[in-house]
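A, B, ... follow the sequence lines: proteins, then strands. Residue 1 opens every chain. Below, all heavy atoms of this structure are taken into account, side chains as well, without hydrogens, waters or symmetry copies.
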Amino acid sequence: MRHVVGLGEGRGGAGGGGASFSGFLSPAKVEHSTLGESPAMKRARVAATGPKAEFFDDAGLDDGDVALAGKVGSLNGELLAEFESLLAFYASKKTEPWRERQYRKIVAVLKNLPFRITCLEDLNRPQCAVLNGGHTRTRVEEFLRRGKIQLAQNLQNDPRTVAISMLMNFGVQGGKGKYGSYVGTSTAEKWYDSGITTLPQLQHRIESDPTFLTHNQRVMWDFRSDFSQRVPRREVELIADVIAGVFPSSSVVEVMGSYSRGAPDCGDIDLLVTCHGDVGRRCSEAVEALTKAQFITATLRDSHHAPGAHSGQWMGGCRLASLVPARPGFADYTLHRRLDIKVYPPKFRAFAQLYFGSGQEFNRAIRLFATRQGYTLSDQGLRRATRGKNEKGEYGTLWEGPLLEDPSGCNWTTEASIFEFLGLPFIPLEDRDNGIGVARLEAMARAQATKPAAEEDCFIVPTDPRSVVAAANLQRLAPLPSLAEGWRSNGIVALDCEFVGVGRNTSGIGGERNALARASVVSYSGDVLLDTFVKVEEPVTDFRIHVTGLTQANLDQGISFQEARDHVIRLLEGRVVVGHSLAHDFKVLNYHPPAVLLRDTSSCPHLRPGDKGKSLKALSEQHLGVKIQDGTHCSVEDARAALYLYRSVQDLWDPTPPVLGTSAKAEALDKHLTEAAENMAAPVATGHNEPLAQHFDRLAARSHHYAKDHYVRVSRTLRSLPYHLQSPKDLLRPELRCVGRGKAHADIVRMLHEGVNEVNKGA
DNA sequence: GGGCGGTACTG
DNA sequence: CAGTACC
DNA sequence: GCCC
């Protein structure tokens, strides 16, 4: 049930005009969103019940665990204390933020774990995943054996750590979470190194030097006592009503954060305001009115946005009792409270709800998930995006598309639509701050991860760059032979596409997703119907140049994906399509002809694979006696090879309709095969940058796993590059993006300067 | 080897 | 730009 | 720190 608290209700019988501060606007409505859910959310939640139940089974939760869920804190108290010491140590120095984050996750898990860890096997339960890595598992083992972790014992009384933690928290002993004092590790270290090590020293320094603290630090220092107190639900509601009073009546004010998850009290008040018009201006107007009324007692962050900004936001302190002359009922609410207000236009409401209603780790996890799928997700919508190293070597967003529309046409009105779009089950609010939601997202990510393809499985075949260039000169779209020639010449076509890698580039074949880079369609006679390069809108992270021969320049002269797809579909529609591993092509083309029209040479019962497997290369050699992918080669030749394979067994494989004519003459086939063999006989030009490539071959030989993959990728790329690398500036070319910015990059730079031999001598 | 969230303020 | 904050 |  949705509970809407109108403002009149909130005010009680104050009669007449209420407070002067709200005079210029009629009040917005407050939605206590947690107390209800939209029908769509409910649908999504119900729909998610199946997978969720399954997850819980996997998680190994039993009834006892569930019963304990309410009072878990102390179940692993001693172990928790050990890891808190480790966390405090790494949190006090800014050198290893990732290690710190990992410890933060470990501590969060131990705080919420509904059972006590008594043996190493407990770590295999899914909730303990963060405790079950290489390092942490050893620490837990030590704890189980000796009742303590030596490193933690050594660190927990480290005076520097203790002092820096104190400085970062202004000495506030808040048992929960961290106090947003605006003093981070850098400032605290600086203070510590300048001799401030105790609270009295800090206090003295602050009082004697009015410029010692920044504005925000001063606010948090002044209110440190009040702000560390919890806010009861009732007070949260009253504050929300006050805020609603200064927004237009068409606005919606929602209380987010822990209140929305039903907590009896909150650390601060998070309000999400949705309103039409200029959100920045609405926010400023509201803040102005509240300041004039003295309800706002401090400001930490204020967006005086340019008109048309995405969102308005304000952070600071407030106090109900400050309204007392006008609102006598507030007299008892004397404490100052931390208040965050964010104002969004309606189109961002669902994204803002997702952000504001979830915990930090959940937000990070779902945004990471979106990134892996080729999107970027924020509180301001969803876009296609690619992350990677830019040309300056900084890691970041390489490319970002426009805001995406909700495919259901509903303009992203619900959080459920976002989950659905990403292919995720709806994860309810209560699981977005307890580790369960994060674990589910990680499980989904693992299930969705693209498995690195073996070279043979890859539909990309070795290609000589020069043949690609030559093919580009072919007529892009030749006319179809007339229908009078019968179905064999116009009812059957062969397709082959080439792909480059986009997205992350850290494992397996380069790039985590495929993007169409070249599309070729040939007729039954082997004539080129379509052969074109295709622009890739995302930045290419790996050209797989040793396979595709493609460079950025090739793609730049291509046509758009839409255009290419339209051409391909026009040529394929209603015809039998021959190809090798067609599923790959159709997946990227997002086009799925009926299976009865497909003839895939990789799964033909009459083309038995021999010793060398069932790659196009192997089948061509075995059944056609033609060596392909050994010399000059391009996707036109691949399409032809598949086509001729099909034709060589056509009467066996495809004896029934849609057969309309007679079998092709053997001479015709021979002629084509001969021509194809001739075309394919030209030598491949390799050996560019050979010394550099060999350096990485050596590195690959003595590396393992992911490092090895990386070096192999670099080596192949260097060797297949159609130009010589001469200066480090050449490394900025898109084809060399897959080199990265780490050791491989550094080695190449050094070799260009000092020569390959010198570098190898050093190694 | 290399990534690990996205946004936006202050100073 | 670095530092810090919000979830 | 963990994970791909």
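- Across the protein-nucleic acid pair, A:K743 atom NZ and B:dG2 atom P stand 10 Å apart, rounded to whole Å.
- Atom pair A:L131:CG and D:dC2:P shows a separation of 10 Å (rounding to whole Å applied).
- In this model, the phosphate group of B:dG2 is not approached by any side-chain N or O of A:Y706 to a distance below 4.0 Å at OP1 or OP2.
- At the phosphate of B:dG6, OP1 or OP2 sits under 4.0 Å from a side-chain N or O atom of A:T376.
- Across all strands, A:Q380 comes closer than 4.0 Å only to sugar-phosphate atoms, never to a base (heavy-atom distances).
- Of the options A:V107, A:V109, A:L123, a side-chain contact (heavy atoms from CB on, under 4.5 Å) to A:V130 is made by A:V109 and by none of the others.
- Nucleic acid contact for A:F362: none, since no nucleic acid atom lies under 4.0 Å from a heavy atom of the residue.
- What separates CD of A:E100 from C1' of D:dC2 is a distance of 15 Å, to the nearest Å.
- Between the A:E142 side chain and the A:Q150 main chain, a donor and an acceptor come within less than 3.5 Å of each other.
- Between A:S378 and B:dT7 there is a side-chain polar atom (N or O) within less than 4.0 angstrom of OP1 or OP2.
- A:L368 places its CG atom 13 Å from the P atom of B:dG3, with the value rounded to the nearest Å.
- Contact annotation: A:R367 side-chain N/O to B:dG5 OP1/OP2 distance is not under 4.0 Å.
- Of the possible donor and acceptor atoms, one in the side chain of A:R383 sits under 3.5 Å from a partner among the backbone N and O of A:G401.
- A cation-pi arrangement is absent between A:R224 and A:F170 under the rule of less than 6.0 angstrom and at most 45 degrees off the ring axis.
- In this model, the phosphate group of D:dG1 is not approached by any side-chain N or O of A:R137 to a distance below 4.0 Å at OP1 or OP2.
- Using a 4.0 Å heavy-atom cutoff across all strands shown, A:H215 reaches sugar-phosphate atoms only and no base atom.
- Between the C1' atom of B:dG1 and the CZ atom of A:R702 lies a distance of 14 Å, rounded to the nearest Å.
- No side-chain donor-acceptor contact under 3.5 Å links A:N434 and A:E430.
- By the 5.5 Å and 30° criteria, A:W98 is stacked with the base of B:dC4.
- Comparing the P positions of B:dT7 and D:dG1 gives an interatomic distance of 31 Å, to the nearest angstrom.
- Partners of A:D265 by side-chain contact (heavy atoms from CB on, under 4.5 Å), not counting sequence neighbours, listed by chain and number: A:R230.
- When the side-chain nitrogen and oxygen atoms of A:H310 are compared with OP1 and OP2 of B:dT7, none of them lie within a distance under 4.0 Å.
- When the side-chain nitrogen and oxygen atoms of A:T371 are compared with OP1 and OP2 of B:dC4, none of them lie within a distance under 4.0 Å.
- No contact: A:D433 has no heavy atom under 4.0 Å from any strand.
- At the heavy-atom level, A:I106 lies nowhere under 4.0 Å from the strands shown.
- Look at A:R301 and you won't find any side-chain N or O under 4.0 angstrom from OP1 or OP2 of B:dC9.
- At a threshold of 4.0 angstrom between heavy atoms, the contacts of A:N363 include nucleobase atoms, whether or not backbone atoms are also involved.
- In this structure, OH of A:Y90 is placed 5 Å from P of D:dG1, rounded to the nearest angstrom.
- A:R446 has a side-chain polar atom (N or O) that falls below the 4.0 Å cut-off from OP1 or OP2 of D:dC4.
- One finds no side-chain N or O of A:Q217 lying less than 4.0 angstrom from the OP1 or OP2 phosphate oxygen of B:dT10.
- Taking 4.0 Å as the cutoff to heavy atoms of chain A, we find the contact window on DNA chain C bounded by C:dG3 to C:dC7.
- Counting any heavy atom pair closer than 4.0 Å across all strands shown, A:G134 reaches sugar-phosphate atoms only and no base atom.
- At least one cation-pi condition fails for A:R337 and A:F227: the charged atom is not both under 6.0 angstrom from the six-membered ring centre and inside a 45 degree cone around its axis.
- Atom pair A:K105:NZ and D:dC2:C1' shows a separation of 8 Å (rounding to whole Å applied).
- Counting non-hydrogen atoms under 4.0 angstrom, A:Y355 reaches a base of the nucleic acid.
- Checking A:Q102 against A:N216, the closest nucleotide of DNA chain B that is more toward the 5' end is the one next to A:Q102.
- Counting non-hydrogen atoms under 4.0 angstrom, A:T187 reaches the backbone sugars and phosphates but no base.
- The side chain to side chain donor-acceptor pair (under 3.5 Å) test with A:W314 singles out one residue from A:T299, A:D302, A:D340, and that residue is A:T299.
- In the model, A:Q156 has no side-chain atom that pairs as donor or acceptor with a side-chain atom of A:E84 under 3.5 Å.
- In this entry the distance linking NE2 of A:H745 with P of B:dG1 reads 15 Å, nearest Å.
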